[in-house]
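Heads up, the thing below is written out as structure tokens.
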Amino acid sequence: QVQLVESGGGLVQAGGSLRLSCAASGLAFGNFAMGWFRQAPGKERAFVAAINRSGGSTNYVDSVKGRFTVFRDNVRNMVYLQMNSPKPEDTAVYFCAAVRSSSGIVNMTPFLSGAMNYWGTGTLVTVSS
């Protein structure tokens with residue numbers, strides 16, 4: 001059974017930092033591109049960041065570029081989202097997700113459409129001003 005379990009959410013002040021973690025089990029982690037999504041109150045779930053199978057290629061939504069960093073550890077089957085200088089508008093439930101990948105580049109189609117193979121249950125991040 002595939003499980004993606006997020007942790008690390010909580011209350012953070014604007015301008016601070018927070019690291020989200022996602023522990024993956026039940027899948028061949030190295031065969032999956034991974035992503036982070038978020039759902040703000042009253043809004044639809046949206047793409048935040050993607051990382052390819054090896055961790056050598058990443059993509060971000062424009063609003064977090066230069067502030068957030070996604071990285072992975074294929075030995076520990078973990079993916080992380082380092083959130084630096086968060087803003088109140090980053091307040092959301094953050095989800096980790098996995099999609100099978102047959103190449104080293106990040107195919108953005110599933111990330112932009114939300115058609116990922118597996119999802120975590122989310123962790124709440126609240127950024128205070």
Next item on the list: State plainly whether one hydrophobic cluster holds both Trp119 and Val99, where clusters connect Ile, Leu, Val, Met, Phe, Trp and Tyr through side-chain heavy atoms under 4.5 angstrom apart.
Entry: yes

Next item on the list: Examine distances only and state if a side-chain atom of Glu6 and a backbone atom of Cys96 form a donor-acceptor pair shorter than 3.5 Å.
Entry: yes

Notebook entry, point to check: Stepwise, does the side-chain contact (heavy atoms from CB on, under 4.5 Å) test hold for Asn31 with Arg100?
Noted result: CA-CA 6 Å; Asn31 290 342; Arg100 290 183 186 88; over 6 Å; no

Check: Between Leu4 and Ala24, what is the shortest heavy-atom contact and its length?
Finding: CD2-CB, 3.5 Å

Margin query: Would you compute the distance between atom OG of Ser57 and atom CD1 of Ile51 and round it to the nearest 0.5 angstrom?
Written below: 8.5 Å

Note to self: So, taking the atom named CG in Asn84 and the one named CZ in Arg67, what distance separates them when rounded to the nearest 0.5 Å?
What the structure shows: 9.5 Å

Next item on the list: Please name the pair of heavy atoms, one in Met108 and one in Asn59, separated by the smallest distance, quoted to 0.1 Å.
Entry: SD-ND2, 3.6 Å

Next item on the list: Could you tell me how the ring of Phe32 sits relative to the ring of Tyr118: parallel (under 30°), tilted (30 to 60°) or perpendicular (over 60°)?
Entry: tilted

Check: side-chain contact (heavy atoms from CB on, under 4.5 Å) with Met34: which of Leu81, Val79, Val70?
Finding: Val79

Note to self: Tell me whether Phe71 shares a hydrophobic cluster with Met83, the cluster being built from Ile, Leu, Val, Met, Phe, Trp, Tyr side chains joined at under 4.5 Å.
What the structure shows: no

Note to self: I'd like to know if Lys65 and Asp62 make a salt bridge, using a cut-off of under 4.0 Å between side-chain N and carboxylate O.
What the structure shows: yes

Item checked: Atom pair CD1 (Ile105) and OG (Ser54), whose distance is rounded to the nearest 0.5 Å -> 11.5 Å

Next item on the list: Working to the nearest 0.5 Å, report the span between CZ of Phe95 and CD of Gln39.
Entry: 5.5 Å

Notebook entry, point to check: Where is the tightest heavy-atom contact between Pro86 and Val12, given as atom of each residue plus distance?
Noted result: CG-CG1, 4.0 Å

Notebook entry, point to check: Do Arg72's NZ or CZ and the ring of Phe29 fall within the cation-pi criteria of under 6.0 Å and 45°?
Noted result: yes

Next item on the list: Kindly check if the number of other-residue, nucleotide or ligand heavy atoms within 6.0 Å of CD (Glu89) is above 12?
Entry: yes

Next item on the list: Taking Gln13 for its side chain and Ser128 for its backbone only, find out whether a donor-acceptor pair lies under 3.5 Å.
Entry: no

Checklist line | Aromatic contact, Trp36 with Phe68 (centres under 6.0 Å) | finding: no

Checklist line | Ser101 OG to Arg53 CZ distance, which is reported to the nearest 0.5 Å | finding: 5.0 Å

Item checked: Residues that Tyr80 engages under side chain to side chain donor-acceptor pair (under 3.5 Å), provided they are two or more places apart -> none

Notebook entry, point to check: Cluster question for you: counting only ILVMFWY and a side-chain heavy-atom cut-off of under 4.5 Å, with indirect links fine, are Tyr94 and Val61 together?
Noted result: yes

Next item on the list: Working to the nearest 0.5 Å, report the span between CG of Asn52 and CG of Asn107.
Entry: 12.0 Å

